[in-house]
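Both backbone and side-chain heavy atoms feed into the values below; hydrogens, waters and symmetry mates do not. Below, chains carry the letters A, B, ... as their sequence lines are ordered, and counting in each starts from 1.
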There are 2 protein chains.
Amino acid sequence: MDKLPTVLDVGRAAGVSRQTVSNVLNAPGVVKAETRARVEAAIAELGYRPHASARRLRTRKSATLGIRLDPMTNGISGSVHDRFLHALTEQADARGLRMLLFTATDPQDEIRQFQRMHEGADVDAFVLTSTFFDDPRTEWLIQHRVPFVTFGRPWGIDDMKDPLHLWVDVDGRSGLRQATEHLLAEGARRIVYLGWPSGSGTGDDRRGGWRDAMRAGTDLGEAELDRLQLAVEDGVAQGREAVRGLEAAGIRFDAIVCASDSLGLGALLLVGADVPVIGYDNTPVAEAVGLSSIEQPLEDVAAGALELIMGRTGSELVDWEQSDDSRHRLITPRLVVRQRRIS
Amino acid sequence: MDKLPTVLDVGRAAGVSRQTVSNVLNAPGVVKAETRARVEAAIAELGYRPHASARRLRTRKSATLGIRLDPMTNGISGSVHDRFLHALTEQADARGLRMLLFTATDPQDEIRQFQRMHEGADVDAFVLTSTFFDDPRTEWLIQHRVPFVTFGRPWGIDDMKDPLHLWVDVDGRSGLRQATEHLLAEGARRIVYLGWPSGSGTGDDRRGGWRDAMRAGTDLGEAELDRLQLAVEDGVAQGREAVRGLEAAGIRFDAIVCASDSLGLGALLLVGADVPVIGYDNTPVAEAVGLSSIEQPLEDVAAGALELIMGRTGSELVDWEQSDDSRHRLITPRLVVRQRRIS
DNA sequence: CGAATAAGTTTGATCGATCAAATCCATGAT
DNA sequence: ATCATGGATTTGATCGATCAAACTTATTCG
């Protein structure tokens with residue numbers, strides 16, 4: 001046989017019509033058990049595989065999710081996105097879905113890609129990461145009724161509960177609270193928060209967790225807390241310099257919690273072994289140098305994203321405009337305590 | 001308009017037939033310039049986008065490459081694969097190609113996926129990474145005439161020049177030679193090679209580079225070189241213990257070159273600041289701690305892979321069984337020297 | 001007993017594009 | 001003036017599957 005077998009060939013071999021073969025594959029329930037067995041045997045014998053493109057043309061579904069691969073050069077925290085992608089691909093695979101990658105230079109370009117891929121029936125839905133304030137991408141997707149789910153809350157005030165916006169996120173506030181409480185329990189009092197400038201939803205959320213725990217667990221006043229709070233761009237060097245500045249200013253502290261492992265490592269490189277530091281993201285770097293960190297359960301995030309968009313187990317899109325289920329998931333991260341290896 | 005426009009709609013709007021529209025898209029040369037302009041205007045006006053699945057059904061091409069996402073190896077060096085994936089996706093995108101991800105539990109499972117995706121016209125070709133000795137996957141692909149290219153040489157003795165096996169790889173021997181020569185130039189003499197047990201092509205290749213340079217640049221005998229050569233499994237802890245063992249055995253050394261950044265970091269955590277260490281892969285960890293390392297130019301690897309399989313600029317498969325071009329690319333890595341940040 | 005109902009299967013049409021062959025038309029050679 | 005030539009465009013068929021409706025056959029009920 002030269003050509004690949006089609007439903008017609010299988011039907012002939014099993015003595016049934018093409019549609020029956022199709023039914024065996026897509027709606028086994030309607031076919032008599034005996035017939036089904038015969039067809040299944042023929043499928044196995046001929047090594048038949050459905051032609052994905054033909055099916056997609058007809059059904060206008062692709063069983064494929066699109067996700068953008070960030071340019072993401074600055075290594076260290078890039079691994080979060082990569083690990084999420086791993087988890088997502090594995091779980092999608094288990095549901096018979098596949099992930100189509102693409103890149104884009106900017107949000108407008110990304111929207112153009114959305115359009116192309118969705119209209120061409122390349123993908124059924126999109127998974128977005130690193131959403132930001134008033135994200136034009138989610139607006140476009142909602143407006144054009146293209147299904148999607150984001151890893152990351154829509155930080156705009158109103159969007160937050162927008163029923164059309166499905167999202168999964170990690171509760172950074174809880175993460176920082178855990179980290180801070182852990183240090184408090186170990187006897188630390190003056191705990192520094194080393195984070196990013198205000199404005200990023202994610203960063204503000206994490207800072208909030210530290211403040212919550214400090215307010216509840218110490219008697220430091222707001223002004224004092226302000227002094228223990230550092231805001232710099234992400235990066236190892238930035239983290240180090242920030243802590244250096246703190247020391248130079250003569251501000252005492254006995255532990256540090258950070259918004260990222262990059263910052264955490266920067267701090268680690270400067271302070272003595274007696275000052276505990278906790279990072280965020282639990283990257284390979286943290287593991288390698290023995291930096292305690294907050295682990296984002298990305299498997300759960302991926303599972304949540306798929307669940308929201310495809311239902312609990314299916315590989316078909318859920319009618320998300322009807323469904324009454326909750327339209328988001330907030331996942332609690334976990335503190336990983338490590339024994340320091342450097343410094 | 002409710003439905004998306006098709007070639008027919010565009011044709012009607014421009015006063016031509018559907019095939020002419022198709023030609024404007026796929027063979028602009030055969031259409032008269034004036035007509036073409038009219039059709040292009042109609043395309044823009046209606047916002048027409050070709051339906052990818054329909055095109056694929058007819059042409060049996062998908063303009064998509066499949067690549068397996070590894071099951072998340074031990075963090076630190078996993079980033080090489082991820083960076084390669086980034087580079088590949090970006091360059092594929094520039095050619096109008098897309099990358100389809102999948103996962104597999106083992107080589108047999110992966111082969112099953114090859115079959116499914118290829119027969120379903122989901123992908124035109126595959127990109128394989130981390131090939132190994134007598135890899136059943138490449139054998140299967142060759143046997144079934146499925147186009148593919150590997151990142152990594154086929155380490156089997158005969159496969160190496162197999163004209164049906166397209167491959168790109170990084171010249172690890174050159175990398176280690178560069179690293180070793182750099183240290184020799186800086187005055188080191190007794191340079192340790194910290195690598196993996198024999199048997200992996202990649203590892204043996206790298207060790208060869210160190211030995212080349214040591215033979216040429218020192219008067220140490222073979223026996224002495226054997227003593228300076230460590231073979232352990234990859235990992236930070238393993239690297240550290242190996243070096244500790246060396247010290248315990250009373251063997252003197254004044255520099256270390258490694259087969260990976262994991263091993264390099266392990267070594268770094270143990271030796272004094274006066275013993276230079278050079279890792280391999282130039283991972284974010286290396287950058288963060290200031291470990292010198294060997295950078296694999298993954299953009300070049302990705303470009304080479306696409307070039308081999310799709311031709312210099314095209315987005316169509318090259319007739320690789322005919323082509324007389326070279327069927328592989330060996331890329332030279334680059335030493336990145338850094339100022340130590342820890343220890 | 002005949003008609004309504006359900007279960008199982010088949011047939012015709014369709015998804016949107018491209019291939020292959022046919023048609024049309026202007027030009028130049030005979 | 002006739003016919004071959006080649007460029008530009010159109011028509012018919014097809015890729016492989018699924019949908020929607022039609023058809024068979026067996027079963028049930030008034």
Are any of the side-chain heavy atoms of B/Leu4 and B/Tyr48 separated by less than 4.5 Å?
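Counting from C-beta outward, B/Leu4 and B/Tyr48 never come under 4.5 Å.
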
Side-chain touch B/Met99/B/Thr64, heavy atoms, less than 4.5 angstrom
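When only atoms from C-beta onward are counted, B/Thr64 and B/Met99 do not touch, as no gap falls below 4.5 Å.
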
Can you tell me how far [atom2] of [N] sits from [atom1] of [X], to the nearest Å?
| X | N | atom1 | atom2 | value |
| --- | --- | --- | --- | --- |
| B/His51 | D/dG16 | NE2 | P | 17 Å |
| B/Leu8 | C/dT14 | CG | P | 13 Å |
| B/Lys61 | C/dT18 | NZ | C1' | 12 Å |
| A/Glu34 | C/dT9 | CD | C1' | 13 Å |
| A/Asn26 | D/dG16 | CG | C1' | 13 Å |
| B/Arg56 | D/dT14 | CZ | C1' | 18 Å |
| B/Arg38 | D/dA8 | CZ | C1' | 12 Å |
| A/Leu25 | D/dC19 | CG | C1' | 16 Å |

From A/Ile142 atom CD1 to A/Arg137 atom CZ, the distance as rounded to the nearest 0.5 Å:
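Spacing of CD1 (A/Ile142) from CZ (A/Arg137) equals 12.0 Å.
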
To the nearest 0.5 Å, what is the distance between CD on B/Gln91 and CD on B/Glu307?
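So the gap between those two atoms works out to 9.5 Å.
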
Could you tell me whether [X] contacts a base, only the sugar-phosphate backbone, or nothing, with contacts defined as non-hydrogen atoms closer than 4.0 Å?
| X | result |
| --- | --- |
| A/Arg49 | sugar-phosphate |
| A/Val16 | sugar-phosphate |
| A/Val31 | sugar-phosphate |

B/Arg116 and B/Gln113: CA distance, side-chain angles, deciding distance, side chain to side chain donor-acceptor pair (under 3.5 Å) verdict:
CA-CA 5 Å; B/Arg116 256 217 337 237; B/Gln113 304 267 26; 3.3 Å; yes

Is the shortest side-chain N/O distance from [X] to OP1 or OP2 of [N] below 4.0 Å?
| X | N | answer |
| --- | --- | --- |
| B/Ser17 | D/dT10 | yes |
| B/Ser22 | C/dT18 | yes |
| B/Asn23 | D/dA8 | no |
| A/Arg55 | D/dT18 | yes |
| B/Thr20 | D/dT10 | yes |
| B/Thr35 | D/dA8 | no |

What nucleotide, of [options], holds the atom closest to the side chain of [X]?
| X | options | value |
| --- | --- | --- |
| B/Thr59 | C/dA17, C/dT11, C/dC19 | C/dC19 |
| A/Arg60 | D/dA20, D/dT11, C/dC15 | C/dC15 |
| A/Gln19 | C/dT10, D/dG16, C/dT9 | C/dT10 |

CA sep, side-chain torsions, deciding dist, call: B/His165, B/Phe148, ring pair (Phe, Tyr, Trp, His ring centres under 6.0 Å):
CA-CA 8 Å; B/His165 189 155; B/Phe148 71 97; 5.2 Å; yes

Return yes if the base of D/dT18 and the side-chain atoms of A/Arg18 contain a donor-acceptor N/O pair under 3.5 Å, otherwise no.
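Donor-acceptor pair under 3.5 Å: yes.
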
